Asks: 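To start, I am sharing the structure in question, which I have written as structure tokens.
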Protein chains: 2
Amino acid sequence: MVPNNKQILLGANCPMRQMLDLVGDKWTPPVLYLLSSGTKRYTDFQRRIPGISKKMLTQTLRRLESAGVVNRTVYPIVPPKVEYNLTPFGEKLIEPIAGLAEWAWQNQEELKLIYERQKLKV
Amino acid sequence: MVPNNKQILLGANCPMRQMLDLVGDKWTPPVLYLLSSGTKRYTDFQRRIPGISKKMLTQTLRRLESAGVVNRTVYPIVPPKVEYNLTPFGEKLIEPIAGLAEWAWQNQEELKLIYERQKLKV
DNA sequence: CTGAATCCTTTACGATACTG
DNA sequence: CAGTATCGTAAAGGATTCAG
């Protein structure tokens, strides 16, 4: 499916680069992966993704919204209630992300070893 | 395979986070993906990945080497010749990366639209 | 050809305080 | 509850020069 693996250029206008611009930062994959199990609220993300700050969470969600990956639904009540879920495009997009997560869980032993070793290097 | 998708935490010691620490930067995916089609030399990367600087290329390759993902072979000749290829672990690791690339090529139209739209936003 | 070394800019990210 | 605004630091990345 990838045209001529032997000769393609992986530059700025290549699909892979654009894909990485969309999902290749620190928090987007966890956020999307969490959404793959259904609609989530703001606090759900904060609880399930330890370490993410409000700033980064909001920034990530808004960017994904403007990219057409997630829907944001505001309920005009107090206290506020806001729900996030995947758009149809988002549902497709999380497939390769889920693939990454799957692989990570299956190979967590080796990943852990590498992780620990790299940490010491600093 | 992923344990209880409904309740896992995606924090610092979760496999997905460690996976992203390993492959989740700007140049690692293209570099690995290129290596999936066989042994490459330093200049091969420079030609096939437009935009990458020598600094980042070297840094990425050395990190992957120390992580046990790629082998680096130096031929003691002049001019120098250095070859890079995937270790057995690297061969496994590129599977989900290839999945990402596959998806990107299959959905390149939508990705392109998003990419162009986001660019204008700035 | 394959880097190393340096300097510099930009971006990402985190911490904190405040708000309807 | 779900943010916004601001500030500051740290990390990432790029450009350039030099070298075996």
Side-chain angles (χ1 to χ4, degrees), chain A residues 10-12 17-18 20-32 34-35 39-67 70-85 115 118-119 121-122, chain B residues 10-12 17-18 20-32 34-35 39-67 70-85 115 118-119 121-122:
Chain A
L10 298 130
R17 175 84 279 149
Q18 294 174 358
L20 292 172
D21 284 347
L22 185 58
V23 304
D25 69 345
K26 187 171 183 180
W27 300 112
T28 298
V31 164
L32 287 182
L34 197 52
L35 278 172
T39 298
K40 295 287 174 296
R41 297 181 59 174
Y42 194 83
T43 39
D44 292 333
F45 293 104
Q46 297 208 70
R47 274 203 322 277
R48 298 282 300 279
I49 309 179
I52 193 170
S53 66
K54 293 182 173 193
K55 179 186 168 186
M56 291 315 295
L57 177 53
T58 300
Q59 195 177 108
T60 302
L61 288 170
R62 292 296 157 84
R63 194 175 49 80
L64 290 174
E65 186 193 6
S66 88
V70 310
N71 290 128
R72 178 173 180 264
T73 311
V74 181
Y75 296 88
I77 59 178
V78 301
K81 175 179 175 181
V82 181
E83 283 184 350
Y84 296 90
N85 61 73
Y115 182 73
Q118 303 284 52
K119 260 200 325 188
K121 286 221 168 181
V122 185
Chain B
L10 298 126
R17 176 85 280 149
Q18 294 175 357
L20 291 172
D21 284 347
L22 185 58
V23 304
D25 68 345
K26 189 171 182 178
W27 300 113
T28 297
V31 163
L32 287 182
L34 198 53
L35 278 172
T39 299
K40 295 288 174 296
R41 297 182 59 176
Y42 194 82
T43 39
D44 292 333
F45 293 105
Q46 297 208 71
R47 275 204 321 277
R48 299 282 299 280
I49 309 178
I52 194 171
S53 66
K54 293 181 174 194
K55 180 187 168 185
M56 291 316 296
L57 178 52
T58 300
Q59 194 176 111
T60 301
L61 288 170
R62 291 297 156 84
R63 195 175 49 81
L64 290 173
E65 186 193 5
S66 89
V70 311
N71 289 128
R72 178 173 180 265
T73 311
V74 181
Y75 296 88
I77 60 177
V78 302
K81 176 179 174 180
V82 181
E83 283 185 349
Y84 295 91
N85 62 75
Y115 181 74
Q118 302 284 52
K119 260 201 324 190
K121 284 221 168 178
V122 187

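A note on names: the letters A, B, ... follow the listed sequences, proteins ahead of strands, and every chain is numbered from 1. Since the structure is predicted, the reported quantities are computational estimates derived from the model, not experimental observations.
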Asks: Both conditions, 6.0 Å and 45 degrees, for the charged tip of B/K81 above the ring of B/Y75: are they met here?
Replies: yes
Asks: Rounding to an integer number of Å, can you tell me how far A/K54 NZ sits from D/dC1 C1'?
Replies: 9 Å
Asks: Going from CD on B/Q46 to CD1 on B/I52, what distance comes out if it is rounded to the nearest 0.5 angstrom?
Replies: 8.0 Å
Asks: Without decimals, in angstroms, what is the distance between B/M56 CE and C/dT2 P?
Replies: 19 Å
Asks: Can you check the B/I77 CD1 to C/dG3 P distance for me, whole Å?
Replies: 13 Å
Asks: Thinking salt bridges, do A/R63 and A/D25 make one under a 4.0 Å N-O criterion?
Replies: yes
Asks: Between D/dC1, D/dG13, C/dT2, spot the one nearest the side chain of A/P79, thanks.
Replies: D/dC1
Asks: Rounded to whole Å, how long is the line connecting atom CD of B/Q59 with atom P of D/dA12?
Replies: 8 Å
Asks: Look at the side-chain N and O atoms of B/T58 and state whether any lies under 4.0 Å from the OP1 or OP2 oxygen of C/dT2.
Replies: no
Asks: Whole angstrom is fine here: how far is it from CZ in A/R63 over to P in C/dA12?
Replies: 9 Å
Asks: With a 3.5 Å cut-off and no angle check, do the side chains of A/Y84 and A/T73 form a donor-acceptor pair?
Replies: no
Asks: How long is the line joining CG of A/L57 and P of C/dG14, in whole Å?
Replies: 11 Å
Asks: Using a cut-off of strictly less than 4.0 Å, decide whether A/R72 has a side-chain nitrogen or oxygen near OP1 or OP2 of D/dA2.
Replies: no
Asks: Please pick, from C/dG3, D/dG3, D/dG13, the nucleotide with the shortest atom-to-atom distance to any side-chain atom of B/R62.
Replies: C/dG3
Asks: Return no unless some side-chain N or O of A/K26 is found under 4.0 Å from OP1 or OP2 of C/dG14.
Replies: yes
Asks: Could you say whether A/K55 or A/V82 is positioned toward the 5' end of DNA chain D, judged by the nucleotide with the nearest heavy atom to each?
Replies: A/V82
Asks: According to a strict under-4.0 Å criterion, is B/Y84 in side-chain N/O contact with OP1 or OP2 of C/dG3?
Replies: yes
Asks: Starting at NZ of B/K81 and ending at P of C/dC1, how long is that distance when rounded to a whole Å?
Replies: 13 Å
Asks: Starting at CG of A/L20 and ending at C1' of D/dG13, how long is that distance when rounded to a whole Å?
Replies: 16 Å
Asks: Is it true that A/D44 and A/R41 make a salt bridge, defined as a side-chain N closer than 4.0 Å to a carboxylate O?
Replies: no
Asks: With nearest nucleotides of DNA chain C determined for A/P80 and A/S53 from heavy-atom distances, which residue corresponds to the more 5′ nucleotide?
Replies: A/S53
Asks: Quick one: is C/dT2 close enough that its OP1 or OP2 comes under 4.0 Å of any side-chain N or O from B/R41?
Replies: yes
